[in-house]
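Quick note on labels: first sequence line is chain A, next is B, and so on, each numbered from 1.
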There are 2 protein chains.
Amino acid sequence: MLNETAVAVLEQSSATEPEKRIRDRSATERAILKAAKNLLAEEGFQNFGINAVARRAGCDKQLIYRYYGGLDGLVEAIGTDLGNWVKDRIPEDAGGMFLLTYGDLMERLALLFLEALRDDPLMRRVVAWEVSENTEQVKRLSEARSKSLGQWLDRMRGSLTPPKGIDVAAVNALIFASIQHLVLAAAAGGQCAGLVLKNNKDWEKAAIALKRLVRGVYG
Amino acid sequence: MLNETAVAVLEQSSATEPEKRIRDRSATERAILKAAKNLLAEEGFQNFGINAVARRAGCDKQLIYRYYGGLDGLVEAIGTDLGNWVKDRIPEDAGGMFLLTYGDLMERLALLFLEALRDDPLMRRVVAWEVSENTEQVKRLSEARSKSLGQWLDRMRGSLTPPKGIDVAAVNALIFASIQHLVLAAAAGGQCAGLVLKNNKDWEKAAIALKRLVRGVYG
DNA sequence: ACTGTTACTCACCGATTGGTGACAGACCGG
DNA sequence: CCGGTCTGTCACCAATCGGTGAGTAACAGT
């Protein structure tokens with residue numbers, strides 16, 4: 001990539017010059033991070049490595065070592081980005097709606113989370129990564145993500161009091177676990193436990209079932 | 001491994017001769033399959049390759065190509081084994097119990113499935129594999145698994161009629177999805193969505209929450 | 001214009017990967 | 001005894017991996 005532009009410059013520059021991006025460290029850093037995120041989102045964590053990222057970023061892998069301290073640092077940077085995931089991807093104005101009960105809230109949050117996860121391939125890969133490996137890299141990703149998720153839940157809860165006599169943490173963990181696995185399985189194979197999940201109609205059924213599940217516990 | 005025994009034999013055989021296993025095709029096939037399953041269960045699908053399997057089986061990788069047609073065939077053999085998973089790992093006598101309602105049944109099945117999955121590292125790796133990759137190998141594994149799971153559900157349902165007005169397939173998919181993700185996340189990082197899952201007490205809480213969830217929809 | 005720093009590239013390293021062809025020895029039928 | 005088949009071993013291949021040291025080109029300060 002970069003070579004082509006450089007060569008083009010040497011050859012007195014042919015017609016188009018697509019973004020030179022020479023000797024601009026911060027721009028290169030951004031390009032690397034972007035390349036890493038796109039690569040992870042599209043290819044998954046299987047082929048996620050120094051060489052592949054450098055190849056996609058169109059720069060030498062040495063720069064990844066220099067600017068991010070290797071793959072670990074790069075993953076950490078991704079994790080930092082991911083800390084703002086809920087803030088970036090999920091509308092916060094749900095508090096302004098008529099959420100009278102804890103059940104109202106959880107139903108809404110569950111549906112929002114389902115949709116957001118369904119629309120974000122990067123986040124899906126990260127979640128899949130979390131349940132597949134246990135390296136230090138992944139641990140950090142996982143922590144950042146669950147922390148930000150927990151804060152989101154707290155923030156949205158506001159002054160609503162959860163029902164007594166129910167282990168809310170455990171029940172909510174199960175609910176969000178079901179959403180995550182459903183979306184992951186669907187993204188991977190188009191179905192989950194025999195339930196086909198491809199077109200919007202399929203997903204509408206799943207959403208209804210999810211509502212029923214939430215309403216079952218929280219009324 | 002095998003070299004050591006061979007050398008020992010050439011050296012007029014020292015004291016112990018741990019299972020010679022020479023020139024016995026079916027035994028070698030079994031050893032390879034066993035090695036593959038153990039490797040997958042212990043190391044995960046990340047480092048699951050021809051070389052690693054051959055190394056663990058103590059034979060040349062060429063034999064894997066000859067006897068199984070490469071990794072694909074080997075994975076398929078594992079999948080065939082996995083087709084009997086529910087039969088092997090989950091007691092079938094639950095039908096003889098007092099399961100009066102569909103809710104009784106699903107609660108029992110959910111708990112059985114949770115426990116069985118928790119106790120089987122190989123199956124956990126396979127499930128994690130399913131949501132992480134979409135190769136032909138994994139597809140076959142996934143199909144065999146979900147098919148056998150579906151048959152199990154049908155078999156256990158017996159003459160019990162599911163409640164009307166509920167999309168049982170979708171709800172059950174969500175329930176089993178929650179179990180799978182919970183167990184996977186716990187096995188990977190010891191927690192799921194902030195809920196710590198390490199000792200038996202933690203799991204007891206999760207089981208209670210699971211019951212509540214099932215009872216919520218199915219009464 | 002000289003100098004030093006910054007941004008970047010390149011060439012190479014050892015290790016490991018999936019895959020293949022050639023070979024050696026045990027066994028069996030003639 | 002010989003010849004062929006079966007089982008298993010070994011040596012080698014190109015490709016890729018993560019990682020490093022050395023070198024080059026562009027810029028800034030003086």
Mind checking A/Leu63 for me? I need base, sugar-phosphate or nothing, with any heavy atom below 4.0 Å counting as a touch.
base

Taking atom [atom2] of [N] as reference, at what distance in whole Å does atom [atom1] of [X] sit?
X       : N      : atom1 : atom2 : answer
B/Gln46 : C/dG18 : CD    : C1'   : 17 Å
B/Leu71 : C/dT20 : CG    : C1'   : 16 Å
B/Asp72 : C/dG18 : CG    : P     : 12 Å
B/Arg66 : D/dG8  : CZ    : C1'   : 7 Å
B/Glu29 : D/dG8  : CD    : C1'   : 13 Å
A/Asp24 : D/dA25 : CG    : C1'   : 16 Å
A/Ile22 : C/dT6  : CD1   : P     : 19 Å
B/Ile64 : D/dT9  : CD1   : P     : 12 Å

I'd like to check the side-chain hydrogen bond (donor to acceptor under 3.5 Å, both in side chains) partners of A/Arg66; sequence neighbours left out, ordered by chain and number.
none

Are any of [X]'s side-chain N or O atoms less than 4.0 Å away from OP1 or OP2 of [N]?
X       : N      : answer
A/Arg23 : C/dT5  : no
A/Thr28 : C/dC8  : yes
A/Tyr65 : D/dG18 : no
B/Asn51 : C/dT16 : no

Nearest-0.5 Å distance that lies between atom CD in B/Glu107 and atom CG in B/Leu213
11.5 Å

Where the side chain of B/Asp60 is concerned, which of C/dC8, D/dT9, D/dG19 is the nearest nucleotide?
D/dT9

By nearest nucleotide on DNA chain D, pick out whichever of B/Ser26 and B/Lys61 is the more 5' one.
B/Ser26

I want to confirm an ordering. Mapping B/Gln62 and A/Gly70 to their closest nucleotides on DNA chain D, which one lands closer to the 5' end?
B/Gln62

Looking at A/Arg56, A/Arg125, A/Lys37, which hits side-chain hydrogen bond (donor to acceptor under 3.5 Å, both in side chains) with A/Glu42?
A/Arg56

Partner of A/Glu92 under salt bridge (Lys or Arg N to Asp or Glu O under 4.0 Å), chosen from A/Arg108, A/Lys87, A/Arg155:
A/Arg155

Distance-only donor-acceptor hits, side chain of residues 111-124 of chain A, under 3.5 Å, sequence neighbours excluded:
{"residue": "A/Asp120", "atom": "OD1", "partner": "A/Leu122", "partner atom": "N", "Å": "3.0"}
{"residue": "A/Asp120", "atom": "OD1", "partner": "A/Met123", "partner atom": "N", "Å": "3.1"}
{"residue": "A/Asp120", "atom": "OD2", "partner": "A/Trp85", "partner atom": "NE1", "Å": "2.6"}

